[in-house]
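Notes to accompany the following structure.
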Amino acid sequence: MTKPIQPTQTTAYYVQAILSFAVSLSSVVIALVYLPVEGWVRAFLGLGLLYVVTSTVTLCKVVRDRQEQSEVSKRVDQARLDKLLTEHDPFKVNAA
C-alpha cells in the first residue's frame, strides 16, 4: 500500500514566497511611478509587467498540474500492481 503524499513545504516557505513576490512587484511598480519618462512609456512598461506576472502565474499552474497528474498516474499504476501481486498465487495449480 502506498502512503499518502505529504506536503514538503512549510508555512514559513509559503509566507516567504508571498512576501518576496509582493516586495518585488511593489518595487517595480514604485520604480515605474517615479520613472522620469512620459505617461505612455510608463503605461507600456506597466502593461508589460502585468503580462509577465500573469504568464508566470499561468506557467506555475501548468507545471503544478503536470506534476500532480504524473503523481496520480504513478499511484494508479502502483495500485494496479499491488492488486495483481495480492491476487497472484505462485503455488496454485491450474486444472487441465
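Val52 and Leu45 end up in different hydrophobic clusters when Ile, Leu, Val, Met, Phe, Trp and Tyr side chains are linked at under 4.5 Å. Residues Val53 and Val23 are members of separate hydrophobic clusters, defined by side-chain heavy-atom contacts under 4.5 angstrom among Ile, Leu, Val, Met, Phe, Trp and Tyr. Hydrophobic cluster membership is shared by Val29 and Trp40, with clusters built from Ile, Leu, Val, Met, Phe, Trp and Tyr side chains linked at under 4.5 angstrom.
From Leu25, atom CG reaches atom CG of Leu50 across 9.0 Å, with rounding to the nearest 0.5 Å. Between atom CZ of residue Phe44 and atom CG of residue Leu49 there is a gap of 12.0 Å, rounded to the nearest 0.5 Å. Distance check, rounded to the nearest 0.5 Å: NZ of Lys61 to OG1 of Thr56 gives 13.0 Å. Taken from CG in Asp65 to CD in Gln67, the straight-line distance is 10.0 Å, to the nearest 0.5 Å.
Within 6.0 Å of the CD atom in Glu68, the count of heavy atoms belonging to other residues, nucleotides or ligands exceeds 12. Within 6.0 Å of the CZ atom in Arg64, the count of heavy atoms belonging to other residues, nucleotides or ligands exceeds 12.
A donor-acceptor distance shorter than 3.5 angstrom exists from the side chain of Ser24 to the backbone of Ser20, with no hydrogens or angles considered.
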